[in-house]
Novice: 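What follows is a structure written as structure tokens; I'll ask about it next.
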There are 2 protein chains.
Amino acid sequence: MTPPVFAHGNLRLYVLSLLADSPRHGYELIQALSERFGGTYSPSAGTIYPRLSKLEEEGLVTKASDGRKTVYAITDAGRAELASRESELGAIEDEVTDSVRRLADEVRAGVNEAMRSLRADLASAARDAKRGRPSNSHSTPRQDSNAAVREAEVALNDFRQQMRTDLRSQAARAGLSDAVVAELRQELAQVRANILDRLT
Amino acid sequence: MTPPVFAHGNLRLYVLSLLADSPRHGYELIQALSERFGGTYSPSAGTIYPRLSKLEEEGLVTKASDGRKTVYAITDAGRAELASRESELGAIEDEVTDSVRRLADEVRAGVNEAMRSLRADLASAARDAKRGRPSNSHSTPRQDSNAAVREAEVALNDFRQQMRTDLRSQAARAGLSDAVVAELRQELAQVRANILDRLT
DNA sequence: GATCAACTCGCGATATATCGTGTTTATGGA
DNA sequence: TCCATAAACACGATATATCGCGAGTTGATC
């Protein structure tokens, strides 16, 4: 589904550059990478450990056990490899930053969030059914109210997503002025006031 | 920060009940729990494995290695314990469903999402600064535009969160009528139309 | 009966390792 | 030179285990 953040061979080089600063263990590398990219990209263990094994196999790093941890350090051969490809390193960081931003955008659009509470409801309904419970949708008035709340939530979510898309494409086309943002803010405040009036 | 999903001692009992159905290994238990609660609650490994160790220590389950896996099975003593507390089990499922829903609400409010792209930008700015790059905030017009987009996103997020809170507490107090939801929907559509008019 | 110290528990964070899938790159023969 | 196919790679999923914090429970002592 989602494309890799690091292009072919780039993670290898980047990990090597991190080990050039100081020896680290696997988990520390994951954290270091996460920190470098603002917490938006966190390589999984399944990405880091095979890379470290390979680097060791190639003789570019050494492995040393330290209690629960396994510390990896760069070798001279590793430093040589790094030096010979130093020019690539700068470009890699920019590429990763870009692809991470794209990734964050997709996540943020997040239809998946709305799905969550629905799934929880389904699971609970299924459980109730398996036991002998009524589970009829018109049993308590609270249930209808909850349904209304969920409806409202979906509406709010859809609205937010649409506005996001609208504003993003506008920004890409011709820039987005602060005035529009201010107007949006004001109108949203007005909607909230209107709804609050209508309540109770 | 967030309260535990399972109350004191409840996870222990629930795990035991899952093992009463069939023997499983640790990871399988995590998946089974996740499935039961619609994917909204996934106990971490740090929750499951200590529990399994304790249960084994108490003689309520047995451990058996099977290649990469470690299969746990319930013992007679385990079944006895389970039988003597069967009445508690039903209540536990309901409690968990409730607390999971509350948890999902907090996550869905998600200010954290908006923070992510901000952190990515900060990280990239920091990196640019460390090299010799300009990185002045008025270099490209796209940067200001992006800032405006993010501002708008934050405003949208805040609005959604506030409305959610408003509507939820109203629903709890005196129920939420479909009329209000309809009104909200209409007003949101109006806001979108207004903003679209103002663009380009 | 109150209280407070010791213990238990749920849980995220820390730590490591392998497997399977889908891509990308390299290579070697036609 | 082209292209098939093997090798390398990034990555999520699978799998296990420990540590330390904070909150809850229990029992002992006053």
Side-chain angles (χ1 to χ4, degrees), chain A residues 1-16 24-35 37 39-58 60 63-72 85 88 92 95-96 99-100 103 106-107 112, chain B residues 1-16 24-35 37 39-58 60 63-72 92 95-96 99-100 103 106-107 112:
Chain A
M1 186 80 86
T2 44
V5 168
F6 274 92
H8 206 81
N10 282 356
L11 177 63
R12 193 188 106 122
L13 200 60
Y14 204 95
V15 162
L16 213 51
R24 297 180 215 259
H25 58 264
Y27 191 78
E28 224 171 345
L29 281 168
I30 291 173
Q31 287 176 126
L33 274 157
S34 184
E35 202 196 328
F37 299 108
T40 33
Y41 167 71
S42 284
S44 72
T47 298
I48 291 299
Y49 290 103
R51 216 68 354 249
L52 287 171
S53 299
K54 210 66 203 301
L55 284 170
E56 196 214 351
E57 207 179 279
E58 293 175 275
L60 304 185
K63 182 157 77 164
S65 247
D66 172 24
R68 198 152 73 102
K69 298 167 195 171
T70 309
V71 178
Y72 292 85
R85 300 178 57 187
E88 296 176 47
I92 289 177
E95 275 170 44
V96 171
S99 70
V100 153
L103 215 66
E106 281 168 37
V107 170
N112 28 9
Chain B
M1 187 78 84
T2 45
V5 168
F6 274 93
H8 204 81
N10 282 356
L11 178 63
R12 194 188 103 120
L13 200 59
Y14 204 95
V15 163
L16 213 49
R24 297 180 215 258
H25 59 263
Y27 192 77
E28 225 170 347
L29 281 167
I30 291 173
Q31 287 175 128
L33 274 157
S34 183
E35 202 196 329
F37 299 107
T40 33
Y41 167 71
S42 283
S44 71
T47 298
I48 292 298
Y49 290 103
R51 218 55 10 238
L52 287 172
S53 298
K54 210 67 203 303
L55 284 170
E56 198 214 350
E57 207 178 277
E58 292 175 273
L60 305 185
K63 182 158 74 165
S65 247
D66 171 24
R68 199 151 73 102
K69 298 167 193 171
T70 310
V71 178
Y72 293 85
I92 289 176
E95 275 169 45
V96 171
S99 70
V100 153
L103 214 67
E106 280 166 38
V107 170
N112 27 9

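A note on names: the letters A, B, ... follow the listed sequences, proteins ahead of strands, and every chain is numbered from 1. Note: hydrogens, waters and symmetry copies are ignored here, and every other heavy atom, side chains too, is used.
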Novice: How far does the helix from C:dG1-D:dC30 to C:dA30-D:dT1 bend, going by the axes of its first and last five pairs, to the nearest 10°?
Specialist: 0°

Novice: Nearest to the side chain of A:Phe6 - D:dA17, C:dC11, D:dC11?
Specialist: D:dC11

Novice: Between D:dT16 and B:Thr70, is there an OP1 or OP2 to side-chain N/O distance shorter than 4.0 Å?
Specialist: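 So the side-chain polar atoms of B:Thr70 do come within 4.0 Å of the phosphate oxygens OP1 or OP2 of D:dT16, strictly under.
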
Novice: Counting any heavy atom closer than 4.0 Å, what does A:Gln31 reach on the DNA or RNA strands: base, sugar-phosphate only, or nothing?
Specialist: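 If one applies the 4.0 Å heavy-atom cut-off, A:Gln31 turns out to touch the sugar-phosphate alone, with no base involved.
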
Novice: Regarding A:Pro50, tell me which of base, sugar-phosphate or nothing describes its non-hydrogen contacts under 4.0 Å with the strands shown.
Specialist: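 The answer is base, as A:Pro50 lies within the cut-off (heavy atoms under 4.0 Å) of a base atom.
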
Novice: For side chain to side chain contact (heavy atoms under 4.5 Å, CB included), just list the numbers for A:Leu33 and A:Phe6, CA-CA rounded to whole Å, side-chain angles, deciding distance to a tenth of an Å, and then say yes or no.
Specialist: CA-CA 11 Å; A:Leu33 274 157; A:Phe6 274 92; 4.0 Å; yes

Novice: Is any side-chain nitrogen or oxygen of A:Ser44 closer than 4.0 Å to OP1 or OP2 of D:dG12?
Specialist: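 Yes.
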
Novice: Select from B:Thr47 and A:Asn10 the residue whose nearest nucleotide in DNA chain D is closer to the 5' end of that strand.
Specialist: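 It is A:Asn10 whose nearest nucleotide is closer to the 5' end.
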
Novice: If you find the nucleotide of DNA chain C closest to A:Ala45 and the one closest to A:Ala7, which residue's nucleotide is nearer the 5' end?
Specialist: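 By nearest-heavy-atom nucleotide position, the 5'-most residue is A:Ala45.
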
Novice: To the nearest 0.5 Å, how far apart are CZ in A:Arg85 and CG in A:Leu13?
Specialist: 4.5 Å

Novice: Do any side-chain nitrogens or oxygens of B:Arg51 fall under 4.0 Å of OP1 or OP2 in C:dG10?
Specialist: yes

Novice: Within this structure, what is the CG-to-P distance between B:Leu33 and D:dA15, rounded to whole angstrom?
Specialist: 15 Å

Novice: Please work out if A:Tyr27 contacts a base, only the sugar-phosphate, or nothing of the nucleic acid, heavy-atom cut-off 4.0 Å.
Specialist: base

Novice: Measure the distance from CZ on A:Arg12 to P on D:dC11 and round it to the nearest whole Å.
Specialist: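 Atom-to-atom, A:Arg12 to D:dC11, this comes out as 15 Å.
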
Novice: Out of C:dC19, D:dA8, C:dC11, which has the shortest distance to the side chain of A:His8?
Specialist: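 It is D:dA8.
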
Novice: Distance check, rounded to the nearest 0.5 Å: A:Ile48 atom CD1 versus A:Leu11 atom CG?
Specialist: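 The CG atom of A:Leu11 is 5.0 Å from CD1 of A:Ile48, to the nearest 0.5 Å.
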
Novice: Just to confirm, is there a sub-4.0 Å distance from OP1 or OP2 of C:dC11 to any side-chain nitrogen or oxygen of B:Tyr41?
Specialist: yes

Novice: Can you tell me how far the OG atom of A:Ser44 sits from the OH atom of A:Tyr49, to the nearest 0.5 Å?
Specialist: 10.5 Å

Novice: Could you state the CZ-C1' distance from A:Arg68 to D:dA17, rounded to the nearest angstrom?
Specialist: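 Those two atoms, CZ and C1', are 8 Å apart.
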
Novice: Can you tell if the side chain of A:Asp66 reaches within under 4.5 Å of the side chain of A:His25, non-hydrogen atoms only?
Specialist: no

Novice: What's the CG-P distance between A:Leu52 and D:dC11, to the nearest Å?
Specialist: 14 Å

Novice: If you measure from CG on A:Leu16 to CG on A:Leu52, what distance do you get to the nearest 0.5 Å?
Specialist: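 Result: 10.0 Å between the selected atoms.
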
Novice: Which is it for A:Leu60 and A:Arg12 under the side chain to side chain contact (heavy atoms under 4.5 Å, CB included) test, yes or no, and what are the steps along the way?
Specialist: CA-CA 11 Å; A:Leu60 304 185; A:Arg12 193 188 106 122; 3.8 Å; yes

Novice: When you get a sec, tell me which of C:dC11, D:dC19, D:dT14 is the closest nucleotide to the side chain of B:Val5?
Specialist: C:dC11

Novice: Atom OH of B:Tyr14 and atom CD of B:Glu95: how far apart are they, to the nearest 0.5 Å?
Specialist: 12.0 Å

Novice: If I take atom CD in residue B:Glu57 and atom P in nucleotide C:dT8, what distance separates them, rounded to the nearest angstrom?
Specialist: 9 Å

Novice: Using a heavy-atom cut-off of under 4.0 Å over every strand shown, decide if B:Gly26 touches base, sugar-phosphate, or nothing.
Specialist: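 The answer is sugar-phosphate, as B:Gly26 gets under 4.0 Å only of primed atoms, P, OP1 or OP2.
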
Novice: Got B:Arg51 and B:Leu29 here, is their nearest side-chain heavy-atom distance under 4.5 Å?
Specialist: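 No, too far: nothing below the 4.5 Å cut-off.
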
Novice: Rounded to whole Å, how long is the line connecting atom CG of A:Leu11 with atom C1' of D:dG12?
Specialist: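 Distance, rounded to whole Å: 14 Å.
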
Novice: Looking for any heavy atom pair under 4.0 Å, which part of the strands does B:Gly9 touch: base, sugar-phosphate only, or nothing?
Specialist: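 The answer is sugar-phosphate, as B:Gly9 gets under 4.0 Å only of primed atoms, P, OP1 or OP2.
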
Novice: Rounded to whole Å, please give me the gap between CD1 in A:Ile30 and P in C:dT16.
Specialist: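 That distance rounds to 8 Å.
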
Novice: Atom OH of B:Tyr14 and atom C1' of C:dC11: how far apart are they, to the nearest Å?
Specialist: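 Distance check: B:Tyr14 OH to C:dC11 C1' gives 18 Å.
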
Novice: It should be established whether B:Lys54 places a side-chain nitrogen or oxygen under 4.0 Å from OP1 or OP2 of nucleotide C:dC9.
Specialist: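 For C:dC9, OP1/OP2 do have a side-chain N/O of B:Lys54 under 4.0 Å.
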
Novice: Between B:His25 and D:dA15, does any side-chain N or O lie under 4.0 Å from OP1 or OP2?
Specialist: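 Answer yes for this pair, as a side-chain N or O of B:His25 is under 4.0 Å from OP1 or OP2.
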
